[in-house]
Protein chains: 2
Amino acid sequence: MPETTRRAERPSGSRYGNRPTMKDVAARAGVGLKTVSRVVNGEPGVTPDTERRVQEAIDALGFRRNDSARVLRKGRTASIGLILEDLADPFYGPLSRAVEEVARAHGALLINGSSAEDPEREQELALALCARRVDGLVVIPAGDDHRYLEPEIRAGVATVFVDRPAGKIDADVVLSDNHGGARDGVAHLIAHGHRRIGFIGDMPRIHTAAERLRGYRAAMEDAGIPVEERWMSLGVTSPERVRRAAREMLTGPDPVTAIFTGNNRVTVTVIRVLAGHSRRVALVGFDDIELADLLQPGLTVVAQDSAALGRTAAERLFRQLDGTPVAPERIELPTKLITRGSGELPPDD
Amino acid sequence: MPETTRRAERPSGSRYGNRPTMKDVAARAGVGLKTVSRVVNGEPGVTPDTERRVQEAIDALGFRRNDSARVLRKGRTASIGLILEDLADPFYGPLSRAVEEVARAHGALLINGSSAEDPEREQELALALCARRVDGLVVIPAGDDHRYLEPEIRAGVATVFVDRPAGKIDADVVLSDNHGGARDGVAHLIAHGHRRIGFIGDMPRIHTAAERLRGYRAAMEDAGIPVEERWMSLGVTSPERVRRAAREMLTGPDPVTAIFTGNNRVTVTVIRVLAGHSRRVALVGFDDIELADLLQPGLTVVAQDSAALGRTAAERLFRQLDGTPVAPERIELPTKLITRGSGELPPDD
DNA sequence: CCCGAGTCTGACAACGTTGTCCAGGCTCTA
DNA sequence: TAGAGCCTGGACAACGTTGTCAGACTCGGG
């Protein structure tokens with residue numbers, strides 16, 4: 001009873017009940033294995049009559065091609081991986097969605113994972129995806145050393161970094177113009193008469209945070225305003241820390257009359273602080289926020305197009321995959337200043 | 001020259017350059033194939049010295065286990081699929097994140113796709129994921145007929161529906177208490193003196209929309225208020241339609257003095273309409289919104305815990321996978337009325 | 001009526017991994 | 001020192017699919 005023996009050798013943890021395979025379909029339809037394969041893949045060279053018989057067998061058995069086996073044989077998985085910081089962050093929703101759209105247009109599935117800003121977790125995830133043999137990887141880096149990806153890239157895994165550049169390797173990267181955007185935003189405040197302007201941002205080891213701080217400094221320098229140390233606060237974006245930082249620069253002698261916030265999480269917290277504050281303080285935030293127009297006053301922001309970031313990165317990825325090899329490139333997308341009121345408040349003193 | 005011949009038979013489209021395999025590692029380390037397998041999987045029965053040699057070969061070659069082959073052999077992929085409507089919708093971010101967290105805790109990866117509310121696309125996605133042999137599927141249904149999943153479920157693919165029940169099949173489902181939540185929200189308006197209350201919601205074929213409408217009707221009936229047809233508007237949640245619907249019920253003789261909105265997209269649009277409206281109109285919305293507390297007046301909402309929905313569904317999924325088979329169940333999570341001002345405005349007439 | 005060209009079909013190997021099973025060398029005890 | 005038992009290592013088959021190649025069959029023309 002060889003059939004029984006064969007089944008018994010199946011590893012016991014299998015979930016695939018006894019899923020029908022092409023062999024089963026072939027047996028039922030009374031044709032050869034390859035003929036079933038041809039039908040399933042729409043290859044030519046099958047008479048309509050045979051095709052119909054095979055199709056009936058497929059339907060009757062509920063057969064579904066096993067892509068693991070297919071991948072093993074063909075070498076391509078038609079799936080790409082996306083590693084981001086936190087799917088629950090509204091900034092990443094549209095980005096992720098845009099990557100998915102492009103992947104879909106290329107017939108690929110998207111596998112994603114959150115690094116939670118932990119470099120180790122990023123690496124773990126990236127390598128797990130490589131073990132899955134994804135065709136490519138879109139990474140929003142948490143760490144600053146990506147040499148661990150070198151063997152993968154050499155082996156043909158297309159790789160594009162988004163939002164922040166890769167560390168210690170040469171790879172495609174798609175960024176917003178963080179420096180220019182921050183400079184514009186701060187310049188906007190200066191143009192409305194502010195001189196004592198605060199900056200609250202993320203940890204300086206994060207590339208975007210550092211760039212935005214640079215932009216802040218540049219704008220101040222352009223205007224000939226010496227920056228005071230206590231106007232700048234960098235660190236984790238937890239509400240507690242941000243709240244404390246904002247309160248500190250809003251009190252004491254010579255308090256700031258305006259604040260530039262380094263990302264959406266910071267902005268939200270600062271808005272709450274300002275809502276409970278007696279003096280009116282101007283505010284410009286990096287990243288747009290839903291309902292920003294409905295706040296009182298409307299929130300002026302430096303908006304980056306997160307969907308465009310995702311789309312550009314994904315397209316770049318598939319260009320690596322489809323076409324001839326191209327040299328790594330750095331693409332910078334412009335930001336846009338959207339004025340809604342909060343940045344146009346005059347200084348109060 | 002058998003080696004050359006073997007390589008030449010590789011399908012030409014392969015991306016895997018010449019990725020090293022266990023065979024290559026074994027050759028380099030001077031051990032057998034299975035010994036490499038044992039080292040890679042941390043199985044016992046390898047002397048420290050041999051293990052070190054194998055590990056060196058692995059590092060030198062940049063070997064990474066091919067999970068496709070592994071899956072083929074073992075039958076389990078350690079990955080689950082999530083199908084939702086639109087990743088860019090803030091409601092789904094936390095949900096997706098919660099599912100991912102649970103998956104991670106079980107050592108599984110998450111593959112996700114957006115159905116864009118298109119039943120056909122949902123099916124296409126679900127079947128593609130099944131072809132990938134995901135171990136399980138979390139689905140936020142767009143369609144109302146899921147019989148196409150029957151063969152998959154029979155074959156052992158764990159399946160849980162979220163937010164809306166499955167159509168025409170018996171399966172696990174995790175829902176919010178849409179009916180009760182809407183009823184509470186509307187009752188809240190009634191308690192503040194409103195009698196002419198509008199309802200703007202999504203297309204009635206969507207389960208959640210229908211349930212919330214039922215809740216609205218129930219609250220009105222409980223209060224003995226006859227509902228007028230022109231107070232209710234169901235349809236696509238595009239800003240244009242919602243804006244028109246809101247304007248219609250706000251004008252004419254006997255306009256509504258309060259509006260209950262059926263989801264976050266509708267709520268946002270209605271807030272914009274009300275902001276440009278002369279009369280003060282009370283508002284309660286289904287789904288919480290970031291910054292709702294900072295609007296003027298603060299937005300009163302019926303909040304559902306989307307992260308809890310995702311977590312509960314994913315946990316249920318892994319219970320199906322880990323343990324003994326369980327009968328399909330319907331789990332309903334409570335909603336929470338959060339009062340912030342907009343729902344407490346008195347009627348204006 | 002036969003042969004060649006063309007069409008359709010199926011046997012077989014290979015993709016890279018893991019489970020089974022056995023061989024050989026070692027240690028420990030009597 | 002011999003025998004029993006343990007530990008390590010390796011040969012082999014199988015997972016389900018696809019590419020190759022050759023065989024069988026059909027049809028039309030000579």
Side-chain angles (χ1 to χ4, degrees), chain A residues 2-3 5-16 18-27 29-51 53-54 61 63-78 131-133 155, chain B residues 2-3 5-16 18-27 29-51 53-54 61 63-78 131-133 155:
Chain A
E3 181 64 16
T5 309
R6 195 166 65 81
R7 285 303 176 195
E9 279 166 4
R10 209 67 214 292
S12 57
S14 169
R15 286 302 307 181
Y16 302 157
N18 282 348
R19 259 210 120 123
T21 71
M22 285 195 179
K23 204 167 172 180
D24 301 323
V25 174
V31 302
L33 195 50
K34 189 66 227 269
T35 301
V36 177
S37 172
R38 276 193 269 263
V39 171
V40 169
N41 294 294
E43 286 169 30
V46 182
T47 35
D49 181 56
T50 309
E51 175 165 358
R53 268 189 6 255
V54 170
L61 295 171
F63 166 79
R64 193 94 53 209
R65 180 178 64 196
N66 184 331
D67 271 0
S68 292
R70 171 169 227 252
V71 159
L72 181 57
R73 187 62 231 251
K74 303 202 69 155
R76 279 257 207 163
T77 59
R132 280 307 138 109
R133 295 294 188 269
Chain B
E3 182 62 15
T5 309
R6 193 167 67 80
R7 285 302 176 196
E9 280 166 5
R10 211 66 214 291
S12 57
S14 169
R15 286 304 307 183
Y16 302 159
N18 280 348
R19 260 210 118 124
T21 71
M22 285 194 177
K23 204 166 170 180
D24 301 324
V25 174
V31 302
L33 195 52
K34 190 65 226 274
T35 301
V36 177
S37 173
R38 276 194 268 262
V39 171
V40 169
N41 294 292
E43 286 170 28
V46 181
T47 37
D49 181 56
T50 308
E51 174 166 358
R53 266 187 8 255
V54 170
L61 296 171
F63 167 79
R64 193 93 52 210
R65 180 178 63 197
N66 184 331
D67 271 0
S68 294
R70 174 169 225 253
V71 158
L72 181 59
R73 184 64 231 251
K74 301 202 72 154
R76 281 258 206 160
T77 59
R132 277 312 138 105
R133 295 294 187 269

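Every chain is numbered from 1 and lettered A, B, ... according to where its sequence line falls, protein lines coming before strand lines.
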Could you tell me the separation between the CG atom of B:Leu33 and the P atom of D:dA13, rounded to a whole number of Å?
14 Å

What's the CZ-P distance between B:Arg65 and C:dT17, to the nearest Å?
9 Å

Return the value, rounded to whole Å, for the distance between atom CG of B:Asp67 and atom C1' of C:dG16.
11 Å

Nearest to the B:Thr47 side chain among D:dT17, D:dT8, C:dG16, which nucleotide is it?
D:dT8

Classify the side chain of A:Lys34 versus the base of D:dG19 as yes if they form a donor-acceptor pair under 3.5 Å and no if they do not.
yes

So what does A:Gly45 touch, heavy atoms closer than 4.0 Å: a base, only the sugar-phosphate, or nothing?
base

Using a cut-off of strictly less than 4.0 Å, decide whether A:Lys74 has a side-chain nitrogen or oxygen near OP1 or OP2 of D:dG19.
yes

What's A:Val46 touching, base or sugar-phosphate or nothing? Going by heavy atoms closer than 4.0 Å.
sugar-phosphate

Output a table of donor-acceptor pairs, distance under 3.5 Å, between side-chain atoms of residues 31-41 of chain B and any protein atom two or more places apart or on a different chain; print 'none' if there are none.
residue : atom : partner : partner atom : Å
B:Ser37 : OG   : B:Asn41 : ND2          : 3.4
B:Asn41 : OD1  : B:Arg65 : NH1          : 2.5
B:Asn41 : OD1  : B:Arg70 : NH2          : 3.3
B:Asn41 : ND2  : B:Ser37 : O            : 2.8

Donor-acceptor pair under 3.5 Å, B:Arg70 side chain vs C:dT17 base
no

Atom CG of A:Leu72 and atom C1' of D:dG19 are separated, to the nearest Å, by 14 Å

Comparing nearest nucleotides in DNA chain C, the 5'-proximal residue of the pair B:Arg38, B:Asn41 is B:Asn41

Roughly how many Å is it from CG in B:Asp49 to C1' in D:dG9, rounded to a whole number?
13 Å

Rounded to whole angstrom units, what separation is found between the CD atom of B:Glu51 and the C1' atom of D:dC7?
15 Å

Find the distance B:Asn66:CG to D:dC15:P and express it as a whole number of Å.
18 Å

Tightest non-hydrogen contact, residues B:Thr21 and B:Phe63, listed as C-CE1, 3.7 Å

Residues A:Ala69 and B:Leu72: closest non-hydrogen pair is CB-CD1, 3.7 Å

Taking all non-hydrogen atoms of both residues into account, name the closest pair between B:Arg76 and B:Val71 and its distance.
O-CG2, 3.5 Å

Could you tell me if the side chain of A:Asp67 sits less than 4.5 Å from the side chain of B:Arg133, heavy atoms only?
no

Nearest of D:dT18, D:dG16, D:dG10 to any side-chain atom of A:Arg73?
D:dT18

Output the rounded distance in Å from CD (B:Glu43) to C1' (C:dT17).
11 Å

Counting only side-chain nitrogens and oxygens, does A:Thr35 get under 4.0 Å of the OP1 or OP2 atom of C:dG10?
yes

Phosphate OP1/OP2 of D:dT18: any A:Ser37 side-chain N/O under 4.0 Å:
yes

